[in-house]
Undergrad: 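Take this structure, written in structure tokens, and hold onto it; I'll ask about it next.
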Amino acid sequence: MNLMQDLPQGDIIAPDKDWWRGAVIYQIYPRSFQDSNGDGIGDLAGIIHRLDHIAELGVDAIWISPFFRSPMLDFGYDVSDYRDVDPMFGTLGDFDALINRAHTLGLRVLIDLVLSHTSNQHPWFQESQSSATNPKADWYVWADAKPDGSPPNNWLSIFGGSAWEWSGERMQYYLHNFLKEQPDLNFHEPAVQDELLSVARFWLDRGVDGFRLDTINFYVHDKELRDNPALAPEARNATIAPEVNPYNWQDHLYDKNQPENLDFLRRLRAVMEEYPAVTAVGEVGDGQYGMQIQAQYTSGDDKVHMCYSFEFLSGLAPTADHFHDVLVEYEREIGDGWACWAFSNHDVVRHASRWNLGEEARCLYAALLLSLRGSVCLYQGEELGLTEAYVAFEDLQDPYGIRFWPKFKGRDGCRTPMPWISDNQNGGFSDSKPWLPMAVEHLQWAVGEQRGDDTSILHFYQQMIGFRRSYPALAKGEIADFAANDGVLSFVRTHEGERIFCAFNMTNAAHAITPPEDGQWRQDKGAPFTSFDQDGTVTLPPYQAFFAADETARTE
């Protein structure tokens with residue numbers, strides 16, 4: 001089936017301010033998507049070449065991880081020029097062409113803005129470091145040493161060790177929540193906020209449809225630089241490297257999550273409101289308060305539109321009870337806010353491996369993700385059912401993995417190249433040796449192998465995204481009537497006279513279920529998975545789902 005024949009040509013995107021609510025967003029990690037010039041690294045021209053695949057999938061938008069000028073110590077999350085494309089990825093002209101092609105295919109484009117920190121090679125930092133009296137002296141977080149020469153407080157870096165690095169040039173410490181080469185900007189300085197808002201305008205004026213905001217809760221630090229208290233061992237529940245990184249031993253009350261952050265988010269939203277239909281999704285990185293922050297940052301209509309936290313990006317067992325508890329708590333916390341759910345991304349082990357899912361279960365969990373109240377992020381290769389790749393130590397690129405090997409192997413295993421064809425050792429990604437090895441086991445799941453196969457995981461994602469699009473209740477509706485019985489999770493989605501019952505058997509045994517008695521349920525012919533039994537009940541085989549619409553809701 002060629003879905004492309006149904007896509008109109010030309011710039012077809014209407015300025016719908018509410019397009020993001022319930023949207024399905026496809027994350028592209030550009031280094032690993034498609035290489036167009038034979039250097040082994042993906043680029044913007046490669047993305048343009050492969051946009052048809054994303055459009056065929058049926059998603060609403062793409063999110064492109066950073067492509068700005070950068071020394072690439074953290075692969076673009078260490079920005080040295082916010083207003084230019086790194087030559088590794090192409091040019092501003094390539095980016096403009098990408099925007100045009102994506103819009104022609106009906107895809108909106110979000111870019112990854114890294115505002116909390118820059119590279120230490122950014123001209124701003126070079127000037128700030130030069131003295132305590134230069135015009136940008138306060139653009140970064142500087143502090144004097146303690147009398148014994150030790151750092152100003154006990155804050156830790158996510159990448160290990162103290163969050164403070166000594167500058168012999170300025171004779172002070174500077175704050176870095178990540179690599180020491182990623183100094184944190186000082187959001188208490190108005191000129192910093194003004195300049196970052198100018199950066200946002202630069203890209204909005206180029207036609208982007210919004211932003212994914214990296215580490216959104218890290219922007220503002222405690223002005224008094226108070227020590228973080230210790231966190232009880234039983235409360236340590238971070239998603240990334242919880243066993244080996246002492247960062248997870250602190251309760252991060254002062255190095256992030258500050259109330260002043262809301263003021264900046266309001267300023268950013270005001271800039272975005274000047275454009276017809278743009279959005280922002282924030283990454284909330286916090287093991288203890290993620291859900292509350294997510295609700296706070298998306299409440300009302302004056303901050304960001306949606307956020308995601310890490311409840312379903314963790315290694316916790318994906319049982320019906322776990323999903324039930326998270327979703328019930330989320331509904332209790334979120335109020336009028338909005339979530340953007342994800343099971344995989346560029347920072348965590350791919351969920352097919354993290355949760356040890358067979359092929360049937362991968363389809364089931366895709367159906368569940370695409371049925372939740374909120375928007376959805378899919379990570380490249382997720383639609384193929386890719387597992388985490390093994391990357392040998394000598395091939396590692398991620399500084400996080402190199403630091404904590406072998407207990408934590410870093411993030412390279414989810415960043416290996418996208419497999420496009422199976423009859424090529426590099427999977428059609430590049431004509432040269434890729435920057436990370438192509439996972440041999442991924443070739444069997446290449447796009448070329450799955451396209452046109454009605455039994456493939458790729459076909460299921462296309463079908464399920466189309467099914468979600470056909471029922472506004474699944475994309476934009478409310479969610480209620482949660483239940484978790486015998487490993488079967490169920491809930492009801494409702495929207496403007498539409499009511500959809502959803503059930504998911506998350507076990508390896510069959511279970512009989514009965515839809516709620518307060519409805520007359522029918523199954524749409526386009527619904528994936530299980531159908532009614534002859535007696536009106538439903539037998540859910542292992543790792544199967546059931547969807548039905550309430551006829552009475554349509555006539556009320």
Undergrad: Tell me the closest heavy-atom pair linking Pro30 and Ile47, and the distance in Å.
TA: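 Heavy-atom minimum between the residues: CB-CD1, 4.1 Å.
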Undergrad: Would you check if the distance from the ring center of Trp63 to the ring center of Tyr26 is below 6.0 Å?
TA: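 Centroid separation for Trp63 and Tyr26: 6.0 Å or greater.
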Undergrad: Just wondering, do His459 and Gln450 contact through their side chains at under 4.5 Å, heavy atoms?
TA: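 A side-chain contact is absent here, since even the closest heavy-atom pair is not under 4.5 Å.
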Undergrad: Tell me if the centroids of the rings in Tyr174 and Tyr140 come within less than 6.0 Å of each other.
TA: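 No, the ring of Tyr174 stays outside the 6.0 Å limit from the ring of Tyr140, centre to centre.
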Undergrad: Does Lys146 offer a backbone N or O that forms a donor-acceptor pair with the side chain of Ser150 under 3.5 Å?
TA: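 Looks like no, no N/O pair under 3.5 Å.
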Undergrad: Does a donor on one side chain sit under 3.5 Å from an acceptor on the other, for Arg170 and Gln129?
TA: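 Side chains of Arg170 and Gln129: no pair found under 3.5 Å.
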Undergrad: Taking Asp86 for the side chain and Ser70 for the main chain, is one N or O donor matched with an acceptor at less than 3.5 Å?
TA: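 Confirmed, Asp86 side chain pairs with Ser70 backbone.
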Undergrad: Looking only at heavy atoms, what is the nearest atom pair of Gly22 and Ser375, with distance?
TA: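 Minimum heavy-atom separation between Gly22 and Ser375: N-OG, 3.0 Å.
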Undergrad: Before we go on, tell me: are the rings of Trp420 and His53 under 6.0 Å apart, centre to centre?
TA: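 Trp420 vs His53: aromatic centres under 6.0 Å.
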Undergrad: Arg108 vs Asp60, test: salt bridge (Lys or Arg N to Asp or Glu O under 4.0 Å). Steps then yes/no.
TA: CA-CA 6 Å; Arg108 300 178 193 267; Asp60 301 284; over 6 Å; no
Undergrad: For a 4.5 angstrom cut-off between non-hydrogen side-chain atoms, does Thr279 reach Met306?
TA: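 Yes, their side chains come closer than 4.5 Å.
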Undergrad: Taking all non-hydrogen atoms of both residues into account, name the closest pair between Glu388 and Arg350 and its distance.
TA: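 Scanning both residues, the minimum pair turns out to be OE1-N, 2.9 Å.
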Undergrad: Cut-off 3.5 Å, side chains only: do Tyr297 and Asn261 have a donor facing an acceptor?
TA: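 Checked: Tyr297/Asn261 side chains pair up, N/O donor to acceptor below 3.5 Å.
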Undergrad: Applying ring pair (Phe, Tyr, Trp, His ring centres under 6.0 Å), which residue pairs with at least one partner in residues 64-83 are found, sequence neighbours left out?
TA: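 Sorted result for residues 64-83: Phe67-Phe95, Phe67-Trp203, Phe68-Trp203, Phe75-Trp435, Tyr77-His346, Tyr82-His122, Tyr82-Trp124.
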Undergrad: When you compare the side chains of Asp227 and Asn153, does any donor N or O come within less than 3.5 Å of an acceptor on the partner?
TA: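 Looking only at side-chain atoms, Asn153 and Asp227 do not form any donor-acceptor pair under 3.5 Å.
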Undergrad: According to the ring pair (Phe, Tyr, Trp, His ring centres under 6.0 Å) rule, which pairs have a member within residues 362-391, sequence neighbours left out?
TA: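 Residue pairs with at least one partner in residues 362-391: Trp355-Tyr365.
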Undergrad: Arg101 and Asp94: salt bridge (Lys or Arg N to Asp or Glu O under 4.0 Å), yes or no, with the steps?
TA: CA-CA 10 Å; Arg101 179 59 180 160; Asp94 292 328; over 6 Å; no
Undergrad: Atom CG in Asp214, atom CG in Leu113: separation rounded to 0.5 Å?
TA: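 Atom-to-atom, Asp214:CG and Leu113:CG are 9.5 Å apart.
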Undergrad: Side-chain contact, heavy-atom cut-off 4.5 Å: Arg373 with Ile334?
TA: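 Arg373 reaches Ile334 side chain to side chain.
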Undergrad: Does any non-hydrogen side-chain atom of Trp139 lie less than 4.5 Å from one of Thr118?
TA: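 Result no, sub-4.5 Å side-chain heavy-atom pair not found.
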Undergrad: Are any non-hydrogen side-chain atoms of Phe312 and Val326 less than 4.5 angstrom apart?
TA: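 They are in contact (side-chain heavy atoms under 4.5 Å apart), so the answer is yes.
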Undergrad: Show the numbers, then the answer: is there a side chain to side chain contact (heavy atoms under 4.5 Å, CB included) between Trp155 and Leu225?
TA: CA-CA 9 Å; Trp155 296 353; Leu225 303 182; 3.7 Å; yes
Undergrad: Could you check Arg415 against Asp347 for salt bridge (Lys or Arg N to Asp or Glu O under 4.0 Å), going step by step and ending with a plain yes or no?
TA: CA-CA 9 Å; Arg415 297 176 176 183; Asp347 279 333; 3.2 Å; yes
Undergrad: Apply side-chain hydrogen bond (donor to acceptor under 3.5 Å, both in side chains) to Ser422 and Glu449, showing your working.
TA: CA-CA 7 Å; Ser422 60; Glu449 291 295 304; 2.7 Å; yes
Undergrad: Between Gln34 and His49 (side chain of the first, backbone of the second, donor and acceptor by atom type, cut-off under 3.5 Å), is there such a pair?
TA: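 Absent.
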Undergrad: Can you confirm if the aromatic rings of Phe404 and Tyr400 lie within a centre distance of less than 6.0 Å?
TA: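 So the answer is yes for these two rings.
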Undergrad: Keeping Lys256 on the side-chain end and Ile216 on the backbone end, is there a donor-acceptor pair under 3.5 Å?
TA: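 Not at all, since once roles are kept as given, no pair shorter than 3.5 Å links the two residues.
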Undergrad: Give, for atom CZ of Arg212 and atom CD1 of Ile25, the distance between the pair rounded to the nearest 0.5 Å.
TA: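 These two atoms lie 11.0 Å from each other.
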Undergrad: Any chance CD of Gln425 has more than 12 other-residue heavy atoms, nucleotides or ligands included, within less than 6.0 Å?
TA: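 It does not: Gln425 CD has 12 such atoms or fewer within range.
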Undergrad: Is it the case that more than 12 heavy atoms not belonging to Asp325 sit under 6.0 Å from its CG atom?
TA: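 Atom CG in Asp325 is packed in, count exceeds 12.
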Undergrad: Check this for me, if you would: do Lys136 and Glu127 make a salt bridge, where the nitrogen-to-carboxylate-oxygen distance has to be below 4.0 angstrom?
TA: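 Looking at Lys136 and Glu127, the cut-off is met.
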Undergrad: Would you name the heavy atoms of Asn37 and Ile41 that are closest together and state the gap between them?
TA: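 That would be OD1-O, 4.4 Å.
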Undergrad: Determine the sole option in Asp78, Leu73, Thr215 for which the side chain to side chain contact (heavy atoms under 4.5 Å, CB included) test with Phe178 is passed.
TA: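 That would be Thr215; it is the only one of Asp78, Leu73, Thr215 passing the side chain to side chain contact (heavy atoms under 4.5 Å, CB included) with Phe178.
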Undergrad: Quick one: does His305's side chain get under 4.5 Å of Val281's, heavy atoms only?
TA: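 No, their side chains stay 4.5 Å or more apart.
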Undergrad: Does some side-chain heavy atom of Leu179 sit less than 4.5 Å from a side-chain heavy atom of Phe159?
TA: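 SC-SC contact between Phe159 and Leu179 confirmed.
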Undergrad: If only atom types and distance count, is the side chain of Gln444 paired as donor or acceptor with the main-chain N or O of His442 below 3.5 Å?
TA: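 No, Gln444 side chain to His442 backbone: no donor-acceptor pair under 3.5 Å.
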Undergrad: Is the ring pair Phe125/Trp142 parallel, tilted or perpendicular, if the boundaries are 30 and 60 degrees?
TA: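 Parallel, since the angle between the ring planes stays under 30°.
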Undergrad: Is a donor from one side chain sitting under 3.5 angstrom from an acceptor on the other, for Asp251 and Gln288?
TA: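 Gln288 and Asp251 do not have a side-chain donor-acceptor pair below 3.5 Å.
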Undergrad: Kindly state whether the ring of Tyr330 and the ring of Trp341 have centres lying under 6.0 angstrom apart.
TA: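 Yes; Trp341 has its ring centre under 6.0 Å from that of Tyr330.
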Undergrad: Check the pair Asn154, Gln250 against side chain to side chain contact (heavy atoms under 4.5 Å, CB included), reporting the backbone distance first and the verdict last.
TA: CA-CA 9 Å; Asn154 71 345; Gln250 290 187 355; 3.5 Å; yes
Undergrad: Distance only, no hydrogens: is a donor on one side chain within 3.5 Å (strictly under) of an acceptor on the other, for Ser344 and Glu382?
TA: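 Checked: Ser344/Glu382 side chains show no N/O donor-acceptor pair below 3.5 Å.
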Undergrad: Set out, in order, the CA-CA distance, both residues' side-chain angles and the distance that settles salt bridge (Lys or Arg N to Asp or Glu O under 4.0 Å) for Asp35 and Lys433, then state yes or no.
TA: CA-CA 11 Å; Asp35 172 23; Lys433 180 181 178 180; over 6 Å; no
Undergrad: Compute whether any side-chain donor of one residue and acceptor of the other, for Ser309 and Glu311, lie under 3.5 angstrom apart.
TA: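 Side-chain D/A pair, Ser309 to Glu311: present.
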Undergrad: We want to know whether Asn228 and Asp255 form a side-chain donor-acceptor pair, criterion being a heavy-atom distance below 3.5 angstrom.
TA: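 Yes.
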Undergrad: Just by modelled atom types, is the Gly487 backbone N or O under 3.5 Å from a matching donor or acceptor in the Thr507 side chain?
TA: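 Not at all, since once roles are kept as given, no pair shorter than 3.5 Å links the two residues.
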Undergrad: What is the minimum heavy-atom distance between Tyr219 and Leu265, and which atoms define it?
TA: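 Distance-wise, the nearest heavy atoms are CE1-CD2, 4.1 Å.
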Undergrad: Between Leu231 and Asn248, does a side chain to side chain contact (heavy atoms under 4.5 Å, CB included) hold up when you go through it step by step?
TA: CA-CA 8 Å; Leu231 190 66; Asn248 304 311; over 6 Å; no
Undergrad: Identify the heavy atoms of Leu369 and Arg468 that sit nearest to each other, and give their distance.
TA: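 Reported closest heavy-atom pair: O-NH1, 4.4 Å.
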Undergrad: Check whether Trp445 forms a cation-pi arrangement with Arg362 (NZ or CZ under 6.0 Å from the six-membered ring centre, at most 45° off the ring normal).
TA: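 Judged by the rule, Arg362 and Trp445 form a cation-pi pair.
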Undergrad: Compare all side-chain heavy atoms of Ile293 with those of Cys307 and state whether any distance is below 4.5 angstrom.
TA: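 Side-chain contact under 4.5 Å: no.
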Undergrad: Could you check Tyr543 against Leu357 for side chain to side chain contact (heavy atoms under 4.5 Å, CB included), going step by step and ending with a plain yes or no?
TA: CA-CA 10 Å; Tyr543 303 114; Leu357 304 180; 6.0 Å; no
Undergrad: So is Lys407 actually on top of Trp405's ring, under 6.0 Å and inside 45° of the axis?
TA: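 No - Lys407 does not lie over the ring of Trp405 by the 6.0 Å and 45° rule.
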Undergrad: Side chains of Gln27 and Ser65: any donor to acceptor distance under 3.5 Å?
TA: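 The criterion, which ignores hydrogens and geometry beyond distance, is satisfied for Gln27 and Ser65.
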